[in-house]
Amino acid sequence: QVQLVESGGGLVQPGGSLRLSCAASGSFFSINAMGWYRQALGKERELVAHITSGGSTNYADSVKGRFTVSRDNAKNTVYLQMNTLKPEDTAVYYCNADIRLAPWDGQYYDYWGQGTQVTVSS
């Protein structure tokens, strides 16, 4: 059973920083793209940052220049470094990964973490 476990959320003042981590565990063959999404209260879930297995990244316009996504393939972990946080960054942040379960199964399956709360407030 594959699980994505997030950590690193919390309460931070405007202008502060947080680093989120998400580790994939369980039995699987490989991980393709990984990413972070967020959902603020009363809003739809939106893409924050995305990173391919080769390290190519893309970001939502609202976080460009402030957030950095990275991954450690040896640890099956994706990170989100969030700097210069703003109150509008307050949301539940979810990790996402496209995971191939077995070498004979060419399909990638979509997995989600349980979410971690990030609150930016003075």
Side-chain angles (χ1 to χ4, degrees):
Q1 185 175 358
V2 177
Q3 284 189 315
L4 299 180
V5 180
E6 298 133 338
S7 61
L11 173 64
V12 63
Q13 292 186 342
S17 298
L18 281 176
R19 188 192 194 209
L20 305 183
S21 300
C22 171
S25 64
S27 178
F28 55 88
F29 179 67
S30 65
I31 302 176
N32 192 13
M34 304 184 81
W36 291 93
Y37 289 72
R38 68 186 181 187
Q39 187 167 18
L41 200 60
K43 296 187 177 181
E44 293 187 353
R45 190 174 296 188
E46 63 175 359
L47 174 69
V48 175
H50 175 270
I51 182 167
T52 68
S53 57
S56 296
T57 59
N58 69 285
Y59 298 90
D61 287 343
S62 59
V63 306
K64 282 181 181 176
R66 300 187 298 121
F67 290 11
T68 302
V69 62
S70 61
R71 63 191 285 173
D72 184 334
N73 291 330
K75 295 182 179 180
N76 298 317
T77 299
V78 62
Y79 305 95
L80 185 67
Q81 178 65 45
M82 305 185 293
N83 298 328
T84 319
L85 282 160
K86 304 175 181 179
E88 51 263 43
D89 294 318
T90 296
V92 178
Y93 284 69
Y94 296 91
C95 171
N96 173 264
D98 295 331
I99 297 178
R100 185 176 174 183
L101 298 179
W104 56 84
D105 184 352
Q107 187 171 349
Y108 282 88
Y109 298 90
D110 201 29
Y111 286 86
W112 291 89
Q114 80 284 358
T116 185
Q117 177 71 45
V118 171
T119 302
V120 185
S121 175
S122 55

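What's counted below: heavy atoms across the whole structure, side chains too, no hydrogens, waters or symmetry copies.
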ask   = Is there a side-chain contact between Met82 and Val118 (heavy atoms, below 4.5 Å)?
value = yes

message = Working to the nearest 0.5 angstrom, can you tell me the gap between Ser21 OG and Lys75 NZ?
response = 9.5 Å

query = Does the side chain of Tyr109 reach to within under 4.5 Å of the side chain of Phe28, using non-hydrogen atoms?
reply = no

Nearest-0.5 Å distance that lies between atom CH2 in Trp36 and atom NE2 in His50 = 14.0 Å

ask   = Of the non-hydrogen atoms in Thr90 and Val120, which two are nearest, and what is the gap between them?
value = OG1-N, 2.9 Å

ask   = If you measure from the Lys or Arg side-chain nitrogens to the Asp or Glu carboxylate oxygens, is any gap between Lys64 and Asp61 under 4.0 Å?
value = yes

inquiry  = Let's go through Asn58 and Leu47 carefully: what are the C-alpha distance in whole Å and the side-chain angles of both, what is the deciding distance for side-chain contact (heavy atoms from CB on, under 4.5 Å) to 0.1 Å, and is it a yes or a no?
reply    = CA-CA 10 Å; Asn58 69 285; Leu47 174 69; 3.7 Å; yes

key: Arg71 (side chain) donor-acceptor with Thr52 (main chain) under 3.5 angstrom   = yes

key: Separation between OG of Ser7 and CG of Leu20, rounded to the nearest 0.5 Å   = 8.0 Å

task = Provide the closest heavy-atom pair for Ser17 versus Asn83 in the form atom of the first, atom of the second, distance.
result = OG-OD1, 2.9 Å

Under 3.5 Å: donor-acceptor pair, side chain of Ser122, backbone of Gln13 = no

query = Under 4.5 Å between side-chain heavy atoms, hopping through other hydrophobics if needed: is there a path connecting Trp112 to Val92?
reply = yes

ask   = Is it the case that more than 12 heavy atoms not belonging to Glu44 sit under 6.0 Å from its CD atom?
value = no

message = What's the separation between atom CG in Asn76 and atom CE in Met34, rounded to the nearest 0.5 Å?
response = 7.0 Å

note = Tightest non-hydrogen contact, residues Ala24 and Ile31, listed as CB-CD1, 3.8 Å

request  = Can you measure from OH (Tyr108) to CG (Asn32) and round to the nearest 0.5 angstrom?
outcome  = 5.0 Å

Between OG1 on residue Thr119 and CG on residue Leu18, distance to nearest 0.5 Å = 9.5 Å

key: Any Val78 side-chain heavy atom under 4.5 Å of Cys95 side chain   = yes

key: Flag side-chain contact, heavy atom, 4.5 Å: Tyr79 against Thr68   = no

query = Is the closest side-chain heavy-atom distance between Leu85 and Phe67 below 4.5 Å?
reply = yes

Sole candidate of Arg38, Gln114, Glu6 that passes side chain to side chain contact (heavy atoms under 4.5 Å, CB included) when paired with Tyr94 = Glu6

key: Residue pair Ser121 / Pro14: nearest heavy atoms and the distance that separates them   = C-CD, 3.6 Å

